[in-house]
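A quick write-up on the structure given underneath.
Model, not experiment: these values are computed from the prediction.
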Amino acid sequence: MDFSVWTSGYLLLLWAFILGVNVTPTLAEEVSTPATTGIDAEISDLRKIEDGSVISNIHTSKWRVFTDSGRDLFLQGKLEEAEKLFLSALQEAKEGFGDRDPHVASAYNNLAELYRVKKAFNKAEPMYLEAIIILEESFGQDDVRVGAALHNLGQFYLMQRKLEQARGVYERALKIKRRVLGEAHPDYADTMYHLGTVLYLQGKYKDSEALVRDSIRILEDGGQGESMICTKRLRQLAEIYIKSDRNEEAENVLRKILHIMELAKGWNSLETVVAAERLALTLQSLGNLKEAQELLERCLDARRALLPEDHIQIAVNFLHIARVKMLDSNKLQKSNVYQARAELDMAKDLLSKSISVARGNLVPSMKGKGNKQSYGASMTTVRSRQSAMMILLQSLNTLSLLEMTKLEREESKDPYSSEAESALHQCISAYKEFVTEKSLCDAPGVKAEYLLCLKHLVDLLSDKKTSSTDRSSKPALQELKDEIKRIEVELSKKGGRRS
C-alpha cells in the first residue's frame with residue numbers, strides 16, 4: 001500500500017468532539033486518501049458559567065476565525081498560510097481558554113496534522129503528544145476524545161512505518177472506542193481497520209485478516225456495505241488473501257468489489273476499470289485466461305474512452321494483455337501451433353506499444369526537468385514518472401522472455417537469442433538514461449525492475465556461446481554481476497520496499 005502525505009481524515013475531529021458534535025469522519029478510511037472534507041459544526045456563543053468555563057471574548061472569537069480559515073487553506077493545499085493561522089489559533093486558544101484547555105489540544109492537533117502533511121515529523125510528534133496529555137487531564141484517559149487523538153497519532157506513526165508504535169497507539173484507541181462507542185460503531189471499525197493495516201505491513205496476515213473482515217462486517221451490518229469506505233476495505237482484504245496465496249478467496253472478494261463499482265459508477269469510471277483489472281490479474285494467476293483477457297480488453301476500451309492514447313495506464317493495459325497472450329500461447333502450443341505463434345506475435349505488438357507509450361511519458365519529463373510545480377502536481381508527476389519507468393523496464397524484460405520463448409519453440413541447439421539480449425540491453429540503457437532524475441533513482445520499485453533485467457541478462461550471456469559472436473562491445477559478465485550487487489545493497493538499505 002502507498003501512504004501519501006495528504007492524510008487527514010481526523011482534521012479538526014477533536015474540535016468537533018470538544019463542542020459536543022457527534023462525528024463519523026468520512027475520509028479516515030485510508031491514510032492515502034486526500035483530505036478534501038472538513039467538519040462543519042454549529043458553534044454557540046461562549047458564555048461564562050459557574051463551573052469556571054471561559055467567557056466569550058476577543059481571543060475566543062479569534063480562535064474560531066483562525067481555526068476555520070486555517071482549515072479551509074489546509075484543504076486547498078496552501079500549507080504555509082494555513083500554518084500561520086493554526087499558530088495564531090493556538091495562541092488565541094491559550095489566551096482565551098487557558099494553557100490546559102481542550103481547545104488548546106484541538107489547536108495542537110491541527111498543527112500536528114499539518115506538520116505531518118509537510119513531513120515536519122519532529123514538530124508534529126510533540127504536538128500530538130501534548131494534545132493527548134491535555135485531553136487526558138481534562139476528560140480522563142478512557143475518554144473517546146483521547147481515543148480520537150490516539151488514532152491521529154497512530155496515523156502519524158503509520159505514515160513513517162513506525163509500525164510497533166502505531167500498533168500500540170491503535171490498540172489503546174481501539175479499547176477506548178470499544179468501551180465508549182460499542183463494537184457496532186463505525187469509528188470503532190475504523191480504528192480496527194487501521195490496526196489491521198499495521199498488522200498486514202508487519203506480515204501478520206491472519207491477525208490482519210480478522211480485523212479487516214470484522215471492520216467490513218460492522219459497515220455491512222450498518223447498511224454501508226456498498227459504500228466507498230467498505231469497498232476500500234474489501235480491496236485490503238483481497239490483498240491479504242493474495243499475499244496468503246488464497247487466490248480463490250481473493251477472486252470472490254474482487255468480484256464483489258467489481259459488482260459494487262459497476263452499480264455505483266458504471267464503466268465510465270476509472271475506479272471501475274481498476275477494480276476489473278485487479279480481478280483480471282487474479283483470474284490470470286488462477287489460469288482463467290479467457291475471462292482475464294476479456295476483462296483486460298474491456299478495461300483497455302474504457303481507458304481509451306476516458307484517457308489520452310499516450311497515458312501511462314494505457315501502457316499498463318497493453319502489458320497485461322500481452323502477458324495473458326503469452327500464457328495462452330503456451331497453452332495452445334501442443335494443440336494449435338499456428339494459433340500459439342499468432343498469440344505471441346500479437347503479444348509482441350502489444351509490448352512494442354507499451355514500450356513506446358512508457359518511453360513517451362519519460363522523455364517529456366526530462367525536457368521539463370527543473371520546472372516548478374504546485375505541491376499536488378509535483379507528487380502526481382513523480383508517481384507518473386516512476387510508473388512509466390517501471391512499465392518500460394517490465395515491458396522490455398517481458399519482450400526478452402518472449403524472444404526466448406520463440407527460440408525455444410524452434411528447438412534451436414543454440415539457446416542464445418540476440419533479440420532477447422537486445423531487449424535487455426535496452427533496459428539498461430533506459431535505466432541509465434532516465435534515472436539521473438532523483439525521483440527515479442531513489443525509487444525502490446524502479447531499482448527492483450532494473451535488477452530483474454540485469455539478472456536475466458547475466459543468465460542469457462552465461463549460456464551464450466562465445467565462439468560465433470563478437471562480445472567486445474558488450475559489458476563483461478563481471479561488470480554486470482558487480483552492478484547486481486550494488487543494486488541489491490541499495491535495495492537492502494531501503495528494506496527492498498517498492499514505490
Under the side chain to side chain contact (heavy atoms under 4.5 Å, CB included) rule, what do E490 and I487 come out as? Steps first, then yes or no, please. CA-CA 5 Å; E490 290 180 0; I487 297 296; 4.0 Å; yes
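- Q313 and N317 share no donor-acceptor pair across their side chains, judged by distance under 3.5 Å alone.
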Candidate pair E403 and E421, rule side chain to side chain contact (heavy atoms under 4.5 Å, CB included), full reasoning: CA-CA 9 Å; E403 295 295 350; E421 182 182 344; over 6 Å; no
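- Under 3.5 Å, the side chains of E291 and N288 contain a donor-acceptor pair of N or O atoms.
- More than 12 heavy-atom neighbours from other residues, nucleotides or ligands sit within 6.0 angstrom of CD on E294.
- Residues Q333 and Q339 are not in side-chain contact: their nearest non-hydrogen atoms beyond the backbone lie 4.5 Å or more apart.
- Between the side chains of Q224 and E220, no donor N or O sits under 3.5 Å from an acceptor N or O.
- Using the six-membered ring where Trp is involved, H151 and H194 have ring planes that are perpendicular, over 60° apart on the 30 and 60° scheme.
- T272 and K265 form no side-chain donor-acceptor contact under 3.5 Å, judged by distance and modelled atom types alone.
- In this structure the side chain of S352 never reaches within 4.5 angstrom of the side chain of F318, judged on heavy atoms.
- Between K118 and E83 there is a salt bridge, with a side-chain nitrogen of the basic residue lying less than 4.0 Å from a carboxylate oxygen of the acidic one.
- Annotation: side chain of R255 is in contact with side chain of L283 (closest heavy-atom distance under 4.5 Å).
- Between I312 and R385 there is no side-chain heavy-atom pair separated by less than 4.5 Å.
- Under 4.0 Å is where a charged nitrogen must lie from a carboxylate oxygen, and between E277 and R298 no such pair does.
- Defined by atom type and a distance below 3.5 Å, a donor-acceptor pair is missing between the side-chain atoms of R167 and Y157.
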Does the side chain to side chain donor-acceptor pair (under 3.5 Å) test come out yes or no for E248 and N252, once each step is laid out? CA-CA 7 Å; E248 291 84 358; N252 293 334; over 6 Å; no
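- Of the N and O atoms on the side chains of Y115 and E125, not one donor lies less than 3.5 Å from an acceptor on the other residue.
- Side chains of E483 and Y450: a donor on one and an acceptor on the other come within 3.5 Å.
- Each of T231, I229, L237 was scored for a side chain to side chain contact (heavy atoms under 4.5 Å, CB included) with R233, with one residue passing: I229.
- Applying the side chain to side chain contact (heavy atoms under 4.5 Å, CB included) test between Q284 and each of N247, L295, V324 identifies V324 as the sole match.
- Between L263 and H259 the shortest side-chain heavy-atom distance falls below 4.5 Å.
- In this structure, R278 and I257 have side chains that are not in contact, with every pair of non-hydrogen atoms separated by 4.5 Å or more.
- Side-chain atoms of E164 and Q202 form a donor-acceptor pair, as typed in the model, at a separation below 3.5 Å.
- Side-chain contact between N330 and R409: present, with at least one pair of heavy atoms (C-beta onward) separated by less than 4.5 Å.
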Between E209 and Y200, does a side chain to side chain donor-acceptor pair (under 3.5 Å) hold up when you go through it step by step? CA-CA 8 Å; E209 176 197 342; Y200 169 78; over 6 Å; no
